[in-house]
*Asks:* 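Okay, here's the structure, questions in a sec.
Letters A, B, ... mirror the listed sequences (proteins, then strands); counts begin at 1. Everything numeric here is computed off the predicted structure, so don't read it as measured data.
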Amino acid sequence: MKIVTWNVNSLRVRLPHVLDWLKTEQPDILALQEIKMEDKDFPVEDIEAAGYSVIYSGQKTYNGVAILSRGVCGDVIADIPGLDDHQRRVLCATLDVASGAASPAMHTQVRVMNVYIPNGEAVGSDKYRYKLDWLEKLVIYLEEQRAIYPYLILLGDFNIAPEACDVHDPMLWDGRVLCSAPERKMFERFVDLGLCDTFRLFEQAPNQFSWWDYRMAAFRRDLGLRIDHILASPALCAACVSSRIDKIPRAWERPSDHAPVVAVFDL
DNA sequence: ATGGTCGTTGGACGA
């Protein structure tokens, strides 16, 4: 099972990139964030023509999430209990994943939680407090969900760089939004719940980032942060065989400011 | 050089 997270920063603009990338990479599941469109405008036909089922939770102008999959999604949840939020940032679904060629009759129920965690703007701002409160509610929800779903994946744009090695200039970013101690503590809470950062299960080259600001020629200078993640429950981590960031689409013409992050599981 | 870049929108705002 190949699963991917990609903040596309407007699916309307990025649809050609998504379709091109799907064609070559052929993931089983693709979680999108910042689709920035209402449900009525979602390009269902283009996605289905590419061979994928799709569910989405959109809104006008901002936010919006979607899950593309080879199989049909069940038990779809777009609102976290206890988090009264009109911003469309969450989409959870259960997928039936075939468990390898050796036993084609075997299937695994994988719970996918696609999140677009708030950016937080700046430490101390109203949006920062909204981010931390949002994260607290997500942790509470995960506490119960992990008991229900042994095969659980939490992925998306976390807007958190977990460690210094996830930042091009750790001193410059130290204490700032995306890197502040309270945000990183919330990331650790996910880890404490048994969810592991699949990217760090493997030896990685230094300076692996998933987001580069459009300004200051940040991509050309590789001034990035790793803020998009795929976290997995212990049963899934044991089956994880690789994880990588695909920088290639970030170099395409008119790109998203984020790159796709990929994890592969041998179920 | 007191900006710088996108996307959505039709002037700012969010990232």
*Asks:* Can you tell me how far P of B:dA15 sits from CG of A:Leu223, to the nearest Å?
*Replies:*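 Spelled out: CG on A:Leu223 to P on B:dA15 is 21 Å.
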*Asks:* Rounded to whole angstrom, note down the C1' distance from B:dG4 over to B:dA15.
*Replies:*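 Approximately 15 Å lies between the C1' atom of B:dG4 and that of B:dA15.
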*Asks:* May I ask you to say whether A:Asp222 pairs ionically with A:Lys247, meaning some side-chain N is under 4.0 Å from a carboxylate O?
*Replies:*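 Salt bridge between A:Asp222 and A:Lys247, a charged N being under 4.0 Å from a carboxylate O: yes.
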*Asks:* Could you pick out which residue, A:Arg12 or A:Glu34, lies toward the 5' side of DNA chain B when each is mapped onto its nearest nucleotide?
*Replies:*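 In this pair, the answer is A:Arg12.
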*Asks:* Nearest whole angstrom, please: distance from the P of B:dA15 to the CD of A:Gln59.
*Replies:*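 After rounding, the gap between these two atoms is 10 Å.
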*Asks:* Strictly by modelled atom types, are A:Asn114 and A:Gln33 linked by a side-chain donor-acceptor pair under 3.5 Å?
*Replies:*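 There is such a pair (donor and acceptor under 3.5 Å, judged by atom type) between the side chains of A:Asn114 and A:Gln33.
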*Asks:* Using atom CG of A:Asp257 as one end and atom P of B:dT5 as the other, report the distance to the nearest whole Å.
*Replies:*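 Rounding to the nearest Å, CG of A:Asp257 and P of B:dT5 are 14 Å apart.
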*Asks:* Whole-Å distance between B:dC6 P and A:Trp211 CH2?
*Replies:*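 Distance, rounded to whole Å: 13 Å.
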*Asks:* Can you tell me if A:Arg215 touches the phosphate of B:dA15, counting only side-chain N or O atoms and a distance under 4.0 Å to OP1 or OP2?
*Replies:*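 The answer is no; no side-chain N or O of A:Arg215 sits under 4.0 Å from OP1 or OP2.
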*Asks:* Under 4.0 Å between a side-chain N/O of A:Arg254 and OP1 or OP2 of B:dT5, yes or no?
*Replies:*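 For B:dT5, neither OP1 nor OP2 has a side-chain N or O of A:Arg254 closer than 4.0 Å.
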*Asks:* Is any side-chain N or O of A:Lys127 closer than 4.0 Å to OP1 or OP2 of B:dG14?
*Replies:*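 Yes.
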*Asks:* Between A:Tyr62 (OH) and B:dA15 (P), how many Å, whole number?
*Replies:*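 After rounding, the reported distance stands at 8 Å.
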*Asks:* Taking only N and O in the side chain of A:Thr61, is any of them less than 4.0 Å away from OP1 or OP2 of B:dG7?
*Replies:*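 Result: no.
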*Asks:* For A:Gln26 and A:Arg70, does a side-chain donor sit closer than 3.5 Å to a side-chain acceptor?
*Replies:*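 Result is yes, a qualifying pair exists.
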*Asks:* Provide the distance between the two C1' atoms, one in B:dC6 and one in B:dG10, to the nearest whole Å.
*Replies:*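 Nearest-Å result for B:dC6 against B:dG10 at atom C1': 16 Å.
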*Asks:* A:Asp213 has an atom CG; how far is it from atom P of B:dC6, in whole Å?
*Replies:*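 Interatomic distance, CG of A:Asp213 to P of B:dC6: 10 Å.
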*Asks:* To the nearest angstrom, how far is A:Met216 atom CE from B:dT2 atom C1'?
*Replies:*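 Distance check: A:Met216 CE to B:dT2 C1' gives 13 Å.
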*Asks:* Rounded off to whole Å, could you give me the CZ-to-P distance for the A:Arg14 and B:dT8 pair?
*Replies:*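 The answer, rounded to whole Å, is 8 Å.
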*Asks:* Is the closest side-chain heavy-atom distance between A:Asp157 and A:His258 below 4.5 Å?
*Replies:*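 Sidechains of A:His258 and A:Asp157: in contact.
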*Asks:* Do A:His229 and A:Phe190 have ring centres separated by under 6.0 Å?
*Replies:*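 They do not qualify: ring centres at least 6.0 Å apart.
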*Asks:* Just call it for A:Phe219: base, sugar-phosphate, or nothing, with non-hydrogen atoms closer than 4.0 Å on any strand.
*Replies:*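 If one applies the 4.0 Å heavy-atom cut-off, A:Phe219 turns out to touch nothing in the nucleic acid.
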*Asks:* Map A:Ile35 and A:Asn7 onto DNA chain B by nearest heavy atom, then report which one ends up closer to the 5' terminus.
*Replies:*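 Taking each residue's closest nucleotide, the earlier one in sequence belongs to A:Ile35.
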